[in-house]
Amino acid sequence: QMVSQGWKFFRENFYYFSHVTKTWYSAEQVCVSKNSHLTSVTSRDEQEFLYKIAGELPTWIGLTKAGSEGKWYWVDDTPFNKDSVRFWLPGEPNNMGSNEHCANIKVPSLQSWNDASCDNKVLFICKRPYVQSEL
Ligand code: 2F8
Ligand code: CA
């Protein structure tokens with residue numbers, strides 16, 4: 001039934017690289033409609049896989065801020081804490097204009113994350129776990 005059409009497999013997960021631009025939340029809604037979430041990034045290898053496919057165009061990932069303290073968290077509920085890998089561009093996150101609460105992969109390099117306005121429309125990446133029996 002080809003449930004993985006259009007998805008790329010990498011280390012136990014499938015990834016969907018959009019060809020359309022969306023705000024961060026609309027992108028997450030698209031991912032949820034596909035039984036997934038905007039991608040988390042939990043290793044250097046995963047970050048390398050993602051930025052190489054994203055290329056030169058800014059691409060939302062599933063990192064956003066919550067609460068009065070504005071703490072960063074992964075929308076797929078992957079823990080984001082002191083032990084977590086992070087791949088911010090030098091000088092980021094800078095919360096420019098006090099209105100940058102969502103993260104994207106901005107450039108094709110290991111350190112490539114930028115915080116930007118969640119209302120910006122850019123490409124996005126969904127991620128869902130591989131479940132036994134599909135491929
Ligand atoms: O120089 C870094 C700075 O570049 C842009 O602002 C000029 C980015 N804005 C957007 O991506 C919308 C800032 O987030 C970034 O910090
Ligand atoms: Ca920024």
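Only this structure's heavy atoms are used, side chains among them; waters, hydrogens and symmetry mates stay out. In listed order, ligands and their atoms are each counted from 1. For this chain, numbers begin at 1 and follow the sequence in order.
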Asker: Counting only heavy atoms not in Y25, do more than 12 sit closer than 6.0 Å to its OH atom?
Answerer: no
Asker: Is N94 close enough that one of its N/O/S atoms sits under 3.0 Å from the Ca ion (ligand 2)?
Answerer: yes
Asker: Check ligand 1 against the protein and report each N/O to N/O distance under 3.5 Å, formatted as atom name, atom name, distance.
Answerer:
unit_1	atom_1	unit_2	atom_2	d
ligand 1	4 (O)	K106	NZ	3.3
ligand 1	11 (O)	N114	ND2	3.4
ligand 1	14 (O)	E100	OE1	3.1
ligand 1	14 (O)	E100	OE2	2.4
ligand 1	14 (O)	N114	OD1	3.3
ligand 1	14 (O)	N114	ND2	2.8
ligand 1	14 (O)	D115	O	2.9
ligand 1	16 (O)	E92	OE1	3.1
ligand 1	16 (O)	E92	OE2	2.6
ligand 1	16 (O)	N94	OD1	3.0
ligand 1	16 (O)	N94	ND2	2.8
ligand 1	16 (O)	N114	OD1	3.3

Asker: Ring centroid separation for W72 and W88, is it under 6.0 angstrom?
Answerer: yes
Asker: If you group Ile, Leu, Val, Met, Phe, Trp and Tyr by side-chain heavy-atom gaps below 4.5 Å, do W74 and F10 land in one group?
Answerer: yes
Asker: Could you verify whether a donor N or O on one side chain and an acceptor N or O on the other, from D45 and S43, lie under 3.5 Å apart?
Answerer: no
Asker: Report the name of the N/O/S atom of E92 located nearest to the Ca ion (ligand 2).
Answerer: OE1
Asker: Would you say F124 and W113 are hydrophobically clustered, going by side-chain heavy atoms of ILVMFWY under 4.5 Å?
Answerer: no
Asker: Work out the angle at the Ca ion (ligand 2) between OD1 of D115 and OD1 of N114, rounded to 10°.
Answerer: 90°
Asker: Per the ring-ring contact (aromatic ring centres under 6.0 Å, His included) rule, which among F17, Y16, Y130 passes with W7?
Answerer: Y16
Asker: Using a 3.5 Å cut-off and no angle test, enumerate the donor-acceptor pairs between side-chain atoms of residues 48-67 and protein atoms at least two apart in sequence or in another chain.
Answerer:
unit_1	atom_1	unit_2	atom_2	d
E48	OE2	R44	NE	3.1
T59	OG1	L57	O	2.8
W60	NE1	K22	O	3.0
W60	NE1	N120	O	3.4
T64	OG1	H101	O	2.8
K65	NZ	E100	O	3.1
K65	NZ	H101	ND1	3.1

Asker: Quick one: does Q47's side chain get under 4.5 Å of I105's, heavy atoms only?
Answerer: yes
Asker: Tell me which N, O or S atom from E100 is the closest to the Ca ion (ligand 2).
Answerer: OE1
